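Because the structure is a prediction, the values reported are computed rather than measured. Residue numbers start from 1 in every chain, and the chains themselves are labelled A, B, ... in the order their sequence lines are given, proteins ahead of strands.
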Amino acid sequence: MQKEKKAKDNFYAKVYALVRKIPEGKVSTYGAIAEKIGTKLSARMVGYALSQCVGTDVPAHRVVNRFGALTGKHHFGPPDLMKRLLQDEGITFNADETVKMERHFYDFKRQRRRR
DNA sequence: CGATTGACGTTAA
DNA sequence: TTTAACGCCAATC
């Protein structure tokens, strides 16, 4: 029985699941993930959850803020690691270490649309 | 249990 | 235009 464990427990699981399914060469935003999870009012939690995901199967480096800025690069250890990982996956940057969202933004709602 | 923080986002001044 | 504060939700201290 045990009814479904509170959805709250799924919060992290949801974040991880979504981020984990981000294809390489693509990036997503906290707001988009938060919205997909259902707590779009708390994009902060998404980032917070991701901070715990470093060291797991979740490619947190593919998650950036709305501006495409690598807000959490400092959580990866080396400050340039995040940018390096993204570039290594084929992601391009603008001038200020910001991901070209127009090119690499992964829309969870639009994932059906094949390129 | 209470207060603070946190990889954001949005609106106001 | 730029800067500041608020709001949200959950986790951590």
Grab the N/O contacts between the protein and nucleotides 9-11 of chain B below 3.5 Å, and write none if there aren't any.
residue : atom : partner : partner atom : Å
dG9(B)  : OP1  : R66(A)  : N            : 3.1
dG9(B)  : OP2  : R66(A)  : N            : 3.1

May I ask you to say what [X] touches in the nucleic acid, namely base, sugar-phosphate or nothing, with a heavy-atom cut-off under 4.0 Å?
X	result
A60(A)	base
V46(A)	nothing
T39(A)	nothing

Which nucleotide sits closest to the side chain of Y12(A): dC8(B), dA11(C), dC8(C)?
dA11(C)
Round to the nearest Å and state the distance from [X] atom [atom1] to [N] atom [atom2].
X	N	atom1	atom2	answer
F11(A)	dT12(C)	CZ	P	12 Å
H74(A)	dT5(B)	NE2	C1'	13 Å
I22(A)	dA7(B)	CD1	P	18 Å
Q52(A)	dT5(B)	CD	P	17 Å
K14(A)	dA11(C)	NZ	P	12 Å
M101(A)	dC8(B)	CE	P	13 Å
I37(A)	dA7(B)	CD1	C1'	14 Å

How many angstroms lie between atom CG of L50(A) and atom CZ of R62(A), to the nearest 0.5 angstrom?
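With rounding to 0.5 Å, CG (L50(A)) is 12.5 Å from CZ (R62(A)).
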Test applied, side chain to side chain contact (heavy atoms under 4.5 Å, CB included); reference residue, V63(A); option that passes from V27(A), I22(A), L18(A)
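It is I22(A), the one option of V27(A), I22(A), L18(A) that forms the side chain to side chain contact (heavy atoms under 4.5 Å, CB included) with V63(A).
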More than 12 non-hydrogen atoms from neighbouring residues, nucleotides or ligands closer than 6.0 Å to CZ on R66(A), yes or no?
no
Is a side-chain donor or acceptor of D96(A) paired with a backbone partner of T98(A) at a separation under 3.5 angstrom?
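No; zero donor-acceptor contacts below 3.5 Å.
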Using the rule given for side-chain hydrogen bond (donor to acceptor under 3.5 Å, both in side chains), can you reason through E89(A) versus H104(A), listing the C-alpha separation, both sets of side-chain angles and the distance that settles it, and then say yes or no?
CA-CA 11 Å; E89(A) 294 191 356; H104(A) 306 293; over 6 Å; no
